[in-house]
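Some notes on the structure that comes next.
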2 protein chains.
Amino acid sequence: MQKDPTGRRPPGAAARARVTLRDVAREAGVSYATASRAIHPGSRKVNEAARDRVLAVALRLNYTPHFPAQAVARGSTATVALAVSDIADPYFSLLAAGARAAADEAGLTLTLAMSGRDPGRELDIVRRLRGQRPRVIVVAGSRVAESPHREALVEELRAFERGGGRVALISQPDLPFPTVSLDNRDAGRQLAVALAERGYRRVAVISGPAGLRTSADRVEGLARGAADAGIALAQRDVVEGEFTREGGHAGALALVERGLGGIDAIVAVTDVMAVGAMSALRDAGVVPGRDVGVAGFDDIPMAVDVTPELTTVAAPLGPMGARAVRLALAGPAAPMTETAVTGVVLRASTPGPGQSGLSDLSGLSGV
Amino acid sequence: MQKDPTGRRPPGAAARARVTLRDVAREAGVSYATASRAIHPGSRKVNEAARDRVLAVALRLNYTPHFPAQAVARGSTATVALAVSDIADPYFSLLAAGARAAADEAGLTLTLAMSGRDPGRELDIVRRLRGQRPRVIVVAGSRVAESPHREALVEELRAFERGGGRVALISQPDLPFPTVSLDNRDAGRQLAVALAERGYRRVAVISGPAGLRTSADRVEGLARGAADAGIALAQRDVVEGEFTREGGHAGALALVERGLGGIDAIVAVTDVMAVGAMSALRDAGVVPGRDVGVAGFDDIPMAVDVTPELTTVAAPLGPMGARAVRLALAGPAAPMTETAVTGVVLRASTPGPGQSGLSDLSGLSGV
DNA sequence: CTGTTAGCGCCTTCAC
DNA sequence: GTGAAGGCGCTAACAG
């Protein structure tokens, strides 16, 4: 390797080529400070001619401000960081899309971090995010009932706030931060009642891992709704699976292998799981929407692309993502928690009595 | 507002609470530099006792290094930036997941930026990304044939490289940067031949917007394959749609309204579009997989969740994302372009002569 | 091994 | 309006 003749090795071979504000200033024949002011729309106090010159030079040199340097000088960045477990899951990509829109609107850039469904790693991610000194951190993900990480997460987020950062959660409203949440219990109840009205009498549930609040709440709501409506939802008709398509698949398989018995509807706690369940059912020779009703939660776009189209409880995921960043940005003035409204969307996967599905069902009930 | 009694207003009310490395050093009774060294695993040259003390204090104070400051001091960051058009599109989320894995592996953090399918905005995004001084910028997206932005994009990326950054593209290999690409022409050819072998004689195509290279190449390949195999793919059987589910939907609708005539298979240039097309067909009373074959490209996970399961040309999206960041990281030593291998996956949406898609489904009624 | 001391690129008071 | 200069938090020579 060639040594730098000056003796002092520059940070990188290409370092000389990095164009800095100082270069722009020199080239434009103004001082460093003036160049800085010219570039920031905020400070109007610059001679128009000089400003134009600076801007022209900047453009010609293809200058870009060094964000990290700006961050260090200003003590804050122009980003909002969003932590999700899995960006490939439509649930989270919808949240992300909404969050991005809101960030954009506020002139901020969205940074995404994926934790990969492990609460320990989630903590890690938040730690790392904190290092970036974003203006806002939004954590999306279902809190685990009583995770040992819970306290640590709270402390981490608190520390971030102490440093002047803003926090918002998309989750259950049980952590001391502004939170956008879904009334999962009520959503479950709504769905159970709707199914009862459509004539279903005995529903099985494919739940997520024990302890996952979102899942537990939905199941609880379903049970309550079933009780209210006078239909059956037995504890032993609840099977557990991962919070993924495969979890739904496995859950449905378990149900089928055990024998559906009188079960006329299967509810999975997410659409993603429901889709997996439908696939498993079909493979097992049970036709969703005819032999058995199927429903999910969230109303992801895919719900209308599967056959039959999936009945679900719609959640305004995009708006929720946006809401979270606005909540955080609003600061202490904002309400502590906001609950999004859900609504049952009945589709072909749970046909009513008049439709082909249920009548077939009664015809087949002897099977 | 209360004025700060010192006269000098700190950057933020909470600024005092921001714990810096200096605080840690003081508290641990060592010098600033030593504290820095203690915290970086790289420099082993620190008294163990002192190091432990520093680490303990850091933990107690919940100290996080200030990344922007590190970036400014070191002249480089530990991030790789990925620019995609739409993160909610499975195509891109799969790329992103793969890229994240590779970044992780290299100890880097992935930053995602979405441009939203507008080439002008894509340029904008890259500009902004450049400001973050990531170690790597990966741009994923189909180049438009001869966009006026093309030159600008190249210049932007060049400037980034001049500043010491690394670049990789996931795209057509026609820009002067390391590129991971798909042989879309060949993929199209493969699919056409496979369809011919299954007995299809006349195929229609739902393409993306004119000028989108990915789309154009796939269509061209299909045409060539069809010609080779002696089956029909008439120019007038190619309809254009947006590069989205809705585009596929609209395209299929157009085809149906015009009258399918002798068309026995419909190929959409992406799975996402194919899914939309299937939905439209179904609504129009044409059963995919029975009345007409349907196929797509990419093999997104959803392909096996729709009914009938979708025939497609599989692309290793995740690995491609990973490959791109590795290519960029490898630097000049790396090959300029890498082409991923695709393969046709035949599924129920294009049953062969002996089979029949939907009869499978109705056949189940005897169960 | 450890402390001192320049910077890194930029913003922002403070005088002129 | 404009320039000089201090400081943001941290890293990395350079001496001890």
Side-chain angles (χ1 to χ4, degrees), chain A residues 3-4 6-12 15-16 18-26 28-54 58 61 63-78 130-133 163-164, chain B residues 4 6-12 15-16 18-26 28-51 53-54 58 61 63-78 130-133 163-164:
Chain A
K3 255 243 166 164
D4 186 308
T6 73
R8 219 174 132 354
R9 203 179 66 68
R16 281 260 156 280
R18 210 165 282 174
V19 29
T20 135
L21 187 52
R22 182 167 281 112
D23 301 330
V24 175
R26 190 184 334 106
V30 298
S31 89
Y32 195 24
T34 303
S36 170
R37 293 195 268 256
I39 280 182
H40 296 295
S43 28
R44 288 211 161 284
K45 315 160 161 269
V46 179
N47 177 338
E48 194 154 325
R51 199 197 45 190
D52 290 352
R53 210 152 8 104
V54 170
L61 263 41
Y63 165 78
T64 321
H66 192 301
F67 292 170
Q70 291 186 149
V72 103
R74 289 206 257 255
S76 94
T77 54
R130 201 147 80 75
Q132 315 208 124
R133 301 291 191 280
Chain B
D4 187 310
T6 73
R8 220 175 129 355
R9 204 180 65 67
R16 280 261 157 282
R18 209 166 282 174
V19 28
T20 134
L21 186 52
R22 181 168 282 113
D23 301 330
V24 175
R26 189 185 334 105
V30 298
S31 90
Y32 196 19
T34 303
S36 171
R37 292 194 270 256
I39 280 182
H40 296 295
S43 27
R44 290 210 160 286
K45 314 155 160 266
V46 179
N47 177 339
E48 194 153 326
R51 201 198 44 190
R53 209 150 10 102
V54 170
L61 264 41
Y63 166 78
T64 320
H66 192 300
F67 292 169
Q70 292 186 150
V72 109
R74 288 207 258 255
S76 93
T77 55
R130 201 146 81 74
Q132 313 207 128
R133 300 293 192 277

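All values below were derived from every heavy atom in this structure, side-chain atoms included, with hydrogens, water molecules and symmetry-related copies excluded. Each chain gets a letter, A, B and so on, in the order the sequences are listed, and its residues count up from 1.
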Approximate separation, where rounding is to 0.5 Å, of B:R37 CZ and B:T34 OG1:
5.0 Å
Please compare B:A33 and B:P68 by the position of their nearest nucleotide in DNA chain D and report the one closer to 5'.
B:P68
Choose from D:dT2, D:dC8, D:dT11 the nucleotide whose nearest atom is closest to any side-chain atom of A:R37.
D:dT2
Is any side-chain N or O of A:R133 under 3.5 Å from a base N or O of D:dG9, one able to act as donor and the other as acceptor?
no
Nearest to the side chain of B:A69, which nucleotide is it out of D:dG9, C:dC11, C:dG3?
D:dG9
Between A:H66 and C:dC8, is there a contact of a side-chain N or O with OP1 or OP2 at under 4.0 Å?
no
Nearest whole Å is fine: how far is C:dT2 P from B:R51 CZ?
11 Å
Between the CZ atom in A:R133 and the OG1 atom in B:T64, the distance rounded to the nearest 0.5 Å is 5.5 Å
A:Q70 side-chain N/O to C:dC10 phosphate OP1/OP2 under 4.0 Å:
no
Between C:dC10 (P) and A:F67 (CZ): distance, integer Å:
11 Å
For residues A:V72 and B:H66, report the shortest heavy-atom separation together with the two atoms involved.
CG2-CE1, 4.1 Å
Closest to the A:N47 side chain, choosing from C:dT2, D:dG1, C:dC10
D:dG1
How many whole angstroms separate atom CD1 of A:I39 from atom C1' of C:dC11?
12 Å
C:dC11 OP1/OP2 closer than 4.0 Å to side-chain N/O of A:S36
yes
Taking the side chain of A:T34 as its heavy atoms from C-beta onward, which of D:dT2, C:dT4, C:dC10 lies nearest to it?
D:dT2
Rounded to whole Å, OH of B:Y32 lies from P of D:dA13 at a distance of 17 Å
I need the CZ-C1' distance between A:R18 and C:dC10, as an integer number of Å.
15 Å
Any chance you could measure B:F67, atom CZ, to A:Q132, atom CD, to the nearest 0.5 Å?
6.5 Å
For C:dC8, does OP1 or OP2 lie under 4.0 Å from any side-chain N or O of A:T20?
no
Between B:A50 and B:A73, which has a closest nucleotide on DNA chain C that is more 5'?
B:A50
Rounded to the nearest Å, what distance is computed from the CZ atom of residue B:R22 to the P atom of nucleotide C:dT4?
12 Å
To the nearest angstrom, the CZ-C1' distance between A:R74 and C:dC8 comes to 17 Å
Look up atom OG in B:S76 and atom CD in B:Q70, then write down how far apart they are to the nearest 0.5 Å.
10.0 Å
Whole angstrom is fine here: how far is it from OH in A:Y63 over to P in C:dG9?
10 Å
